[in-house]
Amino acid sequence: MRTGISVEEALELVLAEAKGELPVEEVPLKEAFGRVLAEDLVSLVNHPDQDDTAVDGYACRQEDTLGASRENPVRLRVIGESPAGRPFAGKVGKGEAVAVYTGAPIPEGADAVIQVEDTQREGDYVLLLAPASPKDIRPRGDDLKRGEVYLRRGDLLTPGRLGLAAAMGYARLKVFRRPRVGILSTGDEVVEPGEPLPFGGVYNSNAYSLLGLVEEAGGEAVLLGKVEDQPEKVLETLEAAGHLDLLLTSGGVSMGDYDVVRKVLEESGEVVFWRVRQQPGKPLLLARLRGVPVLGLPGNPVSSMVSFFLYGRPFLFRLQRRTDPPYRSLTAKALTPFKGARDRKAFRRGVLTFEGELLVRTTGNQSSGVLRSMALGNALVVLPPGRDVGEGEMVEVIPLTFVL
Ligand code: AMP
Ligand code: MG
């Protein structure tokens, strides 16, 4: 077991556990939003599937219109029309035009389009006040070319990508099964919301903030409830959990006599590391139990959320083969001071705004028991060991992508 490791080492060890392949399932488009593609998608069509017009106007032969101007309009005979989806069957000859509407195919014989704003209709004729040009013709395959790959395995299906998959001709998509993530809360003092709170009790908030984090990262949260600080009960619940891709526990991993999660995992599983040089979340633990990776999160609400964001989320991204990074760093100007930790990397909670430049201010009380900071904040402020930041200084921030 390793201990006292850096944030970077911890992340590497966590990611190394994301070895498994998630099964693939096929879903209709309307259920695919927010899922992760498990196959590369080749376009089944050209879009547009033939040269079409990007404007409402008239299709004609460019050479007939070269000298056209307001002073000297060119007069063409309108021989028909072509609304979108209803191509004009005939051919455009010398001195002729066809009325076309955005998305309509360019009729045979025409090689230019003029927008309706530059014309005047006179019965069966149209006056062109400017030359027609090919620039408003969208060539076949301008947007999508049949046979080309536009979406890849590991791409998150965002609204734009879902639309693109439909445009490419797909009705159903192969996606990875959501990773199943068990969430177990421990602690004699922890009480389920809705029950009366005894003296010294605390409501189980971790289960629900972790549920949100897991689902936001594409996982399916499996709530395993809460157990007392008794090793047999912890083990029993973990072993009865059914198939999981990741197990999260909260509480019971620090130095106290009642920190049973650590003991159970030491005795019945394999602990990979315990304790990371970070604040909050120093007691973080990584283990395996019956082949399932276990992130032993500290019980403090901020510690468990920050630790999941820094390690659990990247783990789930890796498992889903996601092509987008789990988080990104930006640089912002501090509007308030931020205090670092002497020998650990510190992650403070901030409110990130943009007013001509990125600005970040503290959410207030930075204690790891103050969950309000995670509800108010939309970014982590990253401070290397021993570094404080004063007002006006530049500082690294990691947007909490699920709120930005
Ligand atoms: P522990 O890591 O077990 O020592 O717990 C650290 C702190 O987090 C204690 O104040 C606990 O009461 C609190 N805590 C532990 N589990 C939870 C939970 N599920 N929800 C909210 N607070 C918790
Ligand atoms: Mg505890």
Side-chain angles (χ1 to χ4, degrees), residues 1 3-4 10 181-216 219 221-238 241 244 246-269 271 273-287 289 294-312 341 344 346-347 349 363 365-377:
M1 178 190 78
T3 188
V181 183
I183 300 173
L184 179 71
S185 311
T186 69
D188 290 346
E189 77 284 26
V190 176
V191 175
E192 281 304 316
E195 289 175 13
L197 195 66
F199 180 73
V202 58
Y203 280 127
N204 183 3
S205 60
N206 289 348
Y208 302 97
S209 46
L210 291 172
L211 174 146
L213 284 166
V214 163
E215 303 242 321
E216 184 278 334
V222 181
L223 289 182
L224 303 175
K226 90 121 229 208
V227 288
E228 289 78 39
D229 292 313
Q230 293 169 24
E232 323 75 62
K233 288 204 175 163
V234 173
L235 191 60
E236 204 182 288
T237 315
L238 293 186
L244 296 173
L246 173 66
L247 176 63
L248 303 176
T249 60
S250 96
V253 287
S254 7
M255 298 288 270
D257 290 342
Y258 292 97
D259 288 327
V260 298
V261 171
R262 185 164 55 86
K263 288 204 189 92
V264 165
L265 291 170
E266 274 168 4
E267 282 162 21
S268 307
V271 176
F273 69 72
W274 175 49
R275 304 181 95 191
V276 179
R277 297 200 304 275
Q278 61 181 12
Q279 188 182 60
K282 176 167 143 188
L284 178 70
L285 177 148
L286 173 69
L289 184 67
V294 186
L295 264 185
L297 304 169
N300 262 315
V302 177
S303 312
S304 67
M305 283 193 80
V306 170
S307 298
F308 179 84
F309 185 81
L310 293 176
Y311 307 100
R344 294 184 266 163
F347 297 89
R349 275 73 61 210
T363 54
N365 189 337
Q366 292 285 330
S367 153
S368 55
V370 173
L371 185 52
R372 276 180 297 120
S373 71
M374 287 302 289
L376 283 173

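Just follow the structure's listing: the first ligand is 1, and inside any ligand the first atom is 1. Small disclaimer: the values here were computed from a predicted structure and weren't measured.
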Any donor-acceptor pair under 3.5 Å from Arg277 side chain to Gly4 backbone: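 Yes, because the side chain of Arg277 sits within donor-acceptor range (under 3.5 Å) of the backbone of Gly4.
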Gly187 backbone acceptor or donor facing Tyr258 side chain under 3.5 Å: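 Not a single qualifying donor-acceptor pair exists.
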Side-chain H-bond candidate by donor/acceptor type, Ser185 with Asn206, under 3.5 Å: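 Distance-only check fails for Ser185 and Asn206.
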Distance filter under 4.0 Å to Val190 heavy atoms, resulting ligand 1 atoms: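 Counting atoms of ligand 1 from 1, those under 4.0 Å from Val190 are 16 (N), 17 (C), 19 (N).
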Numbering as shown, the atoms of ligand 1 that approach Tyr203 to under 4.0 Å (heavy-atom distance):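 Selected atoms, number and element: 20 (N), 21 (C).
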For [atom], what's the nearest protein heavy-atom neighbour? Residue, atom name and distance, please.
atom                    : result
atom 12 (O) of ligand 1 : Glu189 OE2, 2.7 Å
atom 10 (O) of ligand 1 : Asn300 OD1, 4.4 Å
atom 17 (C) of ligand 1 : Asn206 ND2, 3.3 Å
atom 4 (O) of ligand 1  : Ser254 OG, 3.6 Å
atom 19 (N) of ligand 1 : Asn204 OD1, 2.9 Å

Test item, Ala207 contacting ligand 1 (heavy atom, 4.0 angstrom):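 So Ala207 does not count as touching ligand 1.
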Minimum heavy-atom distance between Arg349 and Pro280, given as atom pair plus value: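 Where Arg349 meets Pro280 most closely, the heavy atoms are NH1-CD, 4.0 Å.
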Nearest heavy-atom neighbours spanning Ser373 and Val302: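 Where Ser373 meets Val302 most closely, the heavy atoms are OG-CG2, 3.8 Å.
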Nearest-option assignment for atom 3 (O) of ligand 1, heavy atoms, candidates Gly187, Gly252, Gly200: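 It is Gly252 that holds the nearest heavy atom.
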Selection from Gly369, Pro301, Gly299 by shortest heavy-atom distance to atom 2 (O) of ligand 1: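 That would be Gly299.
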Part of Ser205 with heavy atoms under 4.0 Å of ligand 1, whether side chain, backbone, both or neither: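 Answer for Ser205: both.
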All pairs passing salt bridge (charged side-chain N to carboxylate O under 4.0 Å, His left out) where residues 222-232 contributes a residue, at least two apart: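 Listed by first then second residue: Lys226-Glu228, Glu228-Lys233.
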Salt-bridge contact Glu266-Arg262 (side-chain N to carboxylate O under 4.0 Å):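 Here Glu266 pairs with Arg262 in a salt bridge, since their nearest N and O are under 4.0 Å apart.
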Full working for side chain to side chain contact (heavy atoms under 4.5 Å, CB included) between Tyr311 and Leu295: CA-CA 9 Å; Tyr311 307 100; Leu295 264 185; 4.3 Å; yes
